[in-house]
Visitor: 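The structure under discussion is supplied below as structure tokens; questions concerning it will follow.
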Number of protein chains: 2
Amino acid sequence: MRYGGLMTGRTPAAAAGADSAAPGSRARPGARGRIDKRQAILTTAFVVFAREGYAQATLDAIAAEARVAKHTIYNHFGDKQTLLRAAIAAEADRAMARNLAAVDRLRDHDGDLRAALEDVGRQLVECFCDERAWALRRLLYAEIAQFPDLLDIVSGRATDPVTEALADRLARLSLAGHLRAGDPAAAAEQLAALLTGSLEARCRYGTRVIPAAEQHAVARAAVDTFLHVFGTGSAETAAPA
Amino acid sequence: MRYGGLMTGRTPAAAAGADSAAPGSRARPGARGRIDKRQAILTTAFVVFAREGYAQATLDAIAAEARVAKHTIYNHFGDKQTLLRAAIAAEADRAMARNLAAVDRLRDHDGDLRAALEDVGRQLVECFCDERAWALRRLLYAEIAQFPDLLDIVSGRATDPVTEALADRLARLSLAGHLRAGDPAAAAEQLAALLTGSLEARCRYGTRVIPAAEQHAVARAAVDTFLHVFGTGSAETAAPA
DNA sequence: ATCCGTCTGCACTGGTTGGTGCAGTTAACC
DNA sequence: GGTTAACTGCACCAACCAGTGCAGACGGAT
């Protein structure tokens with residue numbers, strides 16, 4: 001039922017709308033306009049929805065910004081609500097994939113656990129602070145009351161897949177003796193909470209951009225605290241702050 | 001510049017609109033209708049804005065639900081935007097006061113530090129999970145892009161006053177030897193992050209209500225981790241989970 | 001050459017809504 | 001009793017917008 005399945009690996013094409021070329025003058029000549037248009041509509045719709053809000057955003061504006069006739073939008077999605085759901089699903093897929101890829105870097109753990117955790121922490125922090133991620137979160141918070149089914153579209157499961165994947169990796173590390181034994185789900189939740197909680201407080205609803213140095217400091221502090229509690233005392237537990 | 005200053009300690013009166021009484025039949029006979037109406041408009045406006053979203057919410061609906069003529073709203077606030085700002089400011093004052101009161105319970109700390117921290121943690125969790133608090137957060141996330149000045153209305157300062165107050169209390173505890181010495185601001189941030197981060201993940205954008213037992217578990221886990229890192233090892237550090 | 005699906009530009013409508021104007025009512029206050 | 005200020009009910013306007021209809025253009029497939 002997910003819409004993201006239709007996202008083939010095409011280039012987003014008319015994202016920023018720089019070229020004023022007529023339709024059909026793409027670099028890829030063999031491509032029919034269909035997928036291109038659909039992608040352009042989806043990305044543009046997400047941008048406009050996030051910028052103006054669902055109710056304020058007009059289909060005329062989306063059509064103009066995507067360099068597409070309003071009718072084309074109705075041909076593809078038929079409905080403003082359907083367009084919103086599809087745009088959010090596509091963006092959520094992007095964000096989810098990036099987060100899972102970050103967590104997956106714990107798989108090739110070659111010795112220095114603290115360094116590996118800090119690396120993953122920095123990656124996750126970067127995902128969290130991404131402008132598009134904030135736009136997605138704002139949009140979800142805004143419209144979740146109107147469209148409760150957005151929850152299923154964006155994650156589906158009851159538990160956050162990212163935290164779950166993190167718990168998987170922590171479980172392997174525990175089994176290998178690199179972390180204290182215990183509930184890996186609880187450990188993953190606390191590590192994630194340390195990261196996202198601090199960032200949420202510092203980002204001020206996404207209006208403030210956090211410099212890279214501060215992002216790294218947050219990740220390091222989170223990993224410090226995490227290893228204090230869940231680490232085995234083998235040479236990586238330094239004093240906090 | 002805050003609007004909350006006008007909030008005298010009146011009863012919200014027509015919040016849920018149960019009585020169908022004619023105007024003027026209040027219990028307090030000496031009161032002019034002015035403050036009553038203003039309060040009713042503010043609370044109702046917040047409820048409707050949170051339920052429908054700013055753009056979707058109509059002034060006719062707010063007027064009807066507050067049992068007030070639409071003209072009265074314009075008399076008081078003159079503008080839909082001004083009404084939104086005033087309603088959010090009033091609700092933010094409420095929430096902030098509750099949070100600060102919770103943190104202030106650390107002031108009369110009589111011996112059992114873990115119990116005191118867990119008490120405060122439970123209070124803060126309860127504040128965070130409150131339905132109105134979620135409504136306020138959703139509304140802020142939704143409209144912060146349209147009205148960036150809502151940030152100043154809701155907190156004003158650069159750092160969150162609640163975390164700052166918590167840092168104050170933790171500093172006193174450190175000075176008294178009950179906590180490890182270190183940056184109290186960092187400690188407060190991590191404790192707050194452990195609480196809010198976990199809750200944010202579990203609440204699913206405010207659509208899920210967390211039972212009291214689960215709330216207490218979150219608070220206990222957060223305090224456990226916190227004391228592992230920042231506590232002096234005097235008899236209160238148990239193994240996590 | 002022909003067919004057919006996609007895309008385009010434009011005009012149109014039906015409904016909604018922020019905001020205003022006005023006449024009339026109530027109630028506190030002097 | 002008279003003044004004044006808040007409140008009410010209703011009608012009204014102008015703007016905005018989702019969604020539709022239509023006629024025509026482009027381009028690939030056969």
Side-chain angles (χ1 to χ4, degrees), chain A residues 6 13-14 17 20-26 28-42 44-45 48-49 52-87 143 146-147, chain B residues 6 10 13-14 17 20-42 44-45 48-49 52-87 143 146-147:
Chain A
L6 289 184
S20 64
S25 76
R26 295 261 171 272
R28 283 293 235 350
R32 198 70 173 293
R34 187 148 199 258
I35 307 285
D36 266 359
K37 298 288 179 184
R38 187 185 182 90
Q39 267 306 317
I41 293 171
L42 276 179
T44 305
V48 175
F49 278 142
E52 323 261 1
Y54 172 74
Q56 309 272 30
T58 72
L59 282 186
D60 292 278
I62 295 174
E65 207 155 323
R67 302 180 174 282
V68 149
K70 187 166 66 162
H71 238 7
T72 305
I73 299 182
Y74 281 98
N75 281 345
H76 277 287
F77 302 97
D79 209 65
K80 196 186 181 186
Q81 292 191 14
T82 310
L83 176 61
L84 174 74
R85 283 183 242 264
E143 311 300 341
Q146 244 66 45
F147 311 110
Chain B
L6 289 184
R10 280 312 187 83
S20 65
S25 75
R26 295 262 169 270
R28 284 292 236 349
R32 198 71 172 295
R34 189 150 200 257
I35 306 286
D36 266 358
K37 299 286 180 185
R38 187 185 182 89
Q39 267 306 318
I41 293 170
L42 276 179
T44 305
V48 175
F49 279 142
E52 322 261 1
Y54 172 74
Q56 309 272 29
T58 72
L59 281 186
D60 293 276
I62 295 174
E65 208 154 322
R67 302 182 175 280
V68 149
K70 188 165 65 160
H71 239 6
T72 305
I73 299 182
Y74 281 98
N75 281 344
H76 277 288
F77 303 97
D79 209 67
K80 196 186 181 186
Q81 292 191 15
T82 310
L83 175 61
L84 175 74
R85 282 183 243 266
E143 310 300 340
Q146 245 66 46
F147 311 109

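Treat the numbers as computed from the prediction; the structure is a model and nothing was measured. Chain identifiers are assigned alphabetically (A, B, ...) following the order of the sequence lines, protein sequences preceding nucleic acid strands; residue numbering begins at 1 within each chain.
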Visitor: What is the distance from NZ of A/K37 to C1' of D/dG27, rounded to the nearest Å?
Guide: 13 Å
Visitor: Closer than 3.5 angstrom, by distance alone: can the side chain of A/K80 be matched with the main-chain N or O of A/Y54 as a donor-acceptor pair?
Guide: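 Between the backbone of A/Y54 and the side chain of A/K80 there is a qualifying donor-acceptor contact (under 3.5 Å).
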Visitor: Can you check the B/I41 CD1 to D/dC7 C1' distance for me, whole Å?
Guide: 10 Å
Visitor: When you compare the side chain of B/R85 with that of B/F77, does any pair of heavy atoms fall below 4.5 Å?
Guide: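 Counting from C-beta outward, B/F77 and B/R85 never come under 4.5 Å.
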Visitor: Output the distance between atom CD (B/Q56) and atom CD (A/Q56), rounded to the nearest 0.5 Å.
Guide: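 If I round to the nearest 0.5 Å, the distance is 9.0 Å.
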Visitor: Which whole-number value in Å describes the distance from B/F77 CZ to C/dG18 C1'?
Guide: 16 Å
Visitor: Counting primed atoms plus P, OP1 and OP2 as sugar-phosphate and everything else as base, spell out the protein contacts along nucleotides 11-20 of chain D at 4.0 Å heavy-atom distance: B, S or - for each nucleotide, 5' to 3'.
Guide: ------SSBB
Visitor: Is there a side-chain contact between B/T44 and B/V68 in this structure, where contact means two heavy atoms from C-beta onward sitting under 4.5 Å apart?
Guide: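 The answer is no; the side chains never approach within 4.5 Å.
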Visitor: How long is the line joining CD1 of B/I62 and C1' of C/dT16, in whole Å?
Guide: 15 Å
Visitor: Considering residues at least two apart in sequence or located in another chain, which fulfil the side chain to side chain contact (heavy atoms under 4.5 Å, CB included) criterion with A/Y74?
Guide: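 Per chain and number, A/Y74 pairs via side chain to side chain contact (heavy atoms under 4.5 Å, CB included) with A/L59, A/K70.
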Visitor: How long is the line joining CG of A/N75 and P of D/dC22, in whole Å?
Guide: 15 Å
Visitor: Within less than 4.0 Å of OP1 or OP2 of D/dT8, is there a side-chain N or O belonging to B/T72?
Guide: yes
Visitor: Which heavy atom of A/A87 sits nearest to which heavy atom of A/A45, and what is that distance?
Guide: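 In terms of heavy atoms, the two residues are closest at CB-CB, 4.3 Å.
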